[in-house]
Amino acid sequence: MSMQISYTLNGRKLTDEVDPVQPLTEYLREKGCFSVKRGCETSNCGLCTVLVDGRPVLSCATLTARINGKTVETLEGLQDAAAEIGAYLADEGAEQCGFCSPGLIMNIIAMTRELDHPTEAEIKAYLAGNLCRCTGYVSQLRAIQKYLAEKERA
C-alpha cells in the first residue's frame with residue numbers, strides 16, 4: 001500500500017509515492033540524506049534528528065506519511081550553519097568519532113532558532129536527548145556556549 005505525499009526537502013518541493021508506515025529515517029536516507037543516522041531506533045539517542053517545519057524531530061519515530069505538506073531540513077540543506085557549528089565543536093575537542101554530530105548540530109540549529117540567549121541550564125535541557133559515547137559533554141557545552149556568544153556579537 002502506498003500514498004502520495006508532497007513536501008519540501010532542503011528547499012526543493014517534491015511529490016512522491018511512499019509507504020506511509022516507513023520510518024522517516026529510512027525514507028530520507030533513500031533520498032540521499034545520509035547525515036540522518038540510524039542509532040538506537042528507539043527515540044533515545046538523537047542521531048536521527050531532522051527539522052520538520054523548523055522543529056527537531058526524531059525521524060526514527062516519525063512515519064514518512066507525517067511529512068505530507070511539511071518542510072523537512074537535514075544537514076544536507078544546512079551545510080553552512082553545520083560547518084560553522086562543527087568548527088566550534090572541533091576547536092573544543094568535542095568531535096571525536098563524529099557519529100553523534102549530525103543530530104547534535106541539528107538540535108543546536110533548532111535551539112538557536114527557538115531560544116534567545118539560552119542559559120546553560122536551557123542548553124542542557126534542550127540537548128538532553130543527544131547521546132555521545134565519546135565525550136563527557138563538557139567540551140560540547142563549551143563549544144555551544146562559544147558559538148552562541150559569537151553569534152550574539154555578530
Side-chain angles (χ1 to χ4, degrees), residues 7-12 14 18-19 21-64 66-67 70-154:
Y7 65 101
T8 302
L9 176 60
N10 295 325
R12 289 183 22 232
L14 299 169
V18 301
D19 175 352
V21 298
Q22 179 183 35
L24 184 56
T25 304
E26 292 176 14
Y27 178 74
L28 291 173
R29 290 182 65 81
E30 288 173 5
K31 291 292 176 195
C33 299
F34 298 114
S35 69
V36 182
K37 304 277 190 195
R38 289 185 184 107
C40 66
E41 297 191 34
T42 59
S43 305
N44 288 308
C45 71
L47 293 176
C48 66
T49 302
V50 299
L51 303 182
V52 177
D53 287 346
R55 295 256 194 238
V57 169
L58 297 171
S59 61
C60 74
T62 303
L63 300 177
T64 300
R66 303 279 303 186
I67 66 169
K70 301 194 182 296
T71 298
V72 179
E73 294 173 285
T74 68
L75 279 189
E76 286 80 4
L78 299 167
Q79 289 189 10
D80 291 341
E84 184 179 6
I85 294 167
Y88 281 87
L89 292 169
D91 287 347
E92 292 301 320
E95 285 258 324
Q96 290 183 30
C97 81
F99 194 69
C100 68
S101 296
L104 177 67
I105 290 171
M106 292 302 293
N107 277 300
I108 294 168
I109 291 169
M111 182 183 66
T112 61
R113 292 177 177 178
E114 192 172 317
L115 302 178
D116 290 325
H117 315 293
T119 64
E120 182 174 319
E122 288 173 318
I123 293 168
K124 287 179 178 180
Y126 201 96
L127 302 174
N130 291 277
L131 178 65
C132 176
R133 296 187 185 274
C134 298
T135 70
Y137 301 101
V138 174
S139 57
Q140 291 175 341
L141 178 61
R142 194 171 50 240
I144 293 164
Q145 290 171 320
K146 287 183 178 183
Y147 169 72
L148 293 172
E150 188 60 35
K151 282 188 69 72
E152 283 185 29
R153 280 194 278 277

Taking the side chain from Ser59 and the backbone from Leu24, do they hold a donor-acceptor pair closer than 3.5 Å? no
Got a sec, which residues hit side-chain contact (heavy atoms from CB on, under 4.5 Å) with Ala82, two or more places apart in sequence or on another chain?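 Listed in chain order: Leu75, Ile105.
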Nearest 0.5 Å please: distance from the [atom1] atom of [X] over to the [atom2] atom of [Y].
X	Y	atom1	atom2	answer
Leu127	Gln140	CG	CD	8.5 Å
Ile67	Leu9	CD1	CG	7.0 Å
Thr64	Tyr7	OG1	OH	8.5 Å
Met106	Ile85	CE	CD1	9.5 Å
Ile123	Met111	CD1	CE	5.0 Å

Determine all donor-acceptor pairs shorter than 3.5 Å in which one atom belongs to a side chain in residues 43-54; sequence neighbours excluded.
{"unit_1": "Asn44", "atom_1": "ND2", "unit_2": "Thr42", "atom_2": "O", "d": "3.3"}
{"unit_1": "Asn44", "atom_1": "ND2", "unit_2": "Thr42", "atom_2": "OG1", "d": "2.9"}
{"unit_1": "Thr49", "atom_1": "OG1", "unit_2": "Gly46", "atom_2": "O", "d": "2.8"}
{"unit_1": "Thr49", "atom_1": "OG1", "unit_2": "Asn107", "atom_2": "ND2", "d": "3.4"}
{"unit_1": "Asp53", "atom_1": "OD1", "unit_2": "Thr71", "atom_2": "N", "d": "2.9"}

Got Cys40 and Leu131 here, is their nearest side-chain heavy-atom distance under 4.5 Å? no
My understanding is that only residues two or more places apart in sequence, or in another chain, count here; which of them pass salt bridge (Lys or Arg N to Asp or Glu O under 4.0 Å) with [X]?
X	value
Arg113	Glu73
Arg55	Glu114
Glu150	Arg153
Glu120	Lys124

With sequence neighbours excluded, residues passing side-chain hydrogen bond (donor to acceptor under 3.5 Å, both in side chains) with Gln22: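 Partners of Gln22 under the side-chain hydrogen bond (donor to acceptor under 3.5 Å, both in side chains) test: Glu30.
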What pairs with Lys37 under side-chain hydrogen bond (donor to acceptor under 3.5 Å, both in side chains), at least two apart in sequence or on another chain? none
Just do the side chain to side chain donor-acceptor pair (under 3.5 Å) check on Thr74 and Asn10 with the steps written out, would you? CA-CA 7 Å; Thr74 68; Asn10 295 325; 2.9 Å; yes
Quick test of your reading: applying ring pair (Phe, Tyr, Trp, His ring centres under 6.0 Å), list the pairs with at least one residue in residues 31-60, sequence neighbours left out, ordered by first then second residue.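 Qualifying pairs: none.
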Residue pairs passing the ring pair (Phe, Tyr, Trp, His ring centres under 6.0 Å) test where at least one lies in residues 115-154, sequence neighbours excluded: Tyr88-Tyr147
Which salt bridge (Lys or Arg N to Asp or Glu O under 4.0 Å) pairs, counting each pair once, include a residue from residues 74-86, with sequence neighbours left out?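 Pairs touching residues 74-86 that pass the test: none.
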Can you give me every donor-acceptor pair (side chain of residues 91-100, partner residue at least two apart or in another chain, under 3.5 Å) with its distance?
{"unit_1": "Glu92", "atom_1": "OE1", "unit_2": "Arg142", "atom_2": "NE", "d": "2.4"}
{"unit_1": "Glu92", "atom_1": "OE2", "unit_2": "Lys146", "atom_2": "NZ", "d": "2.7"}
{"unit_1": "Glu95", "atom_1": "OE2", "unit_2": "Ser101", "atom_2": "OG", "d": "2.5"}

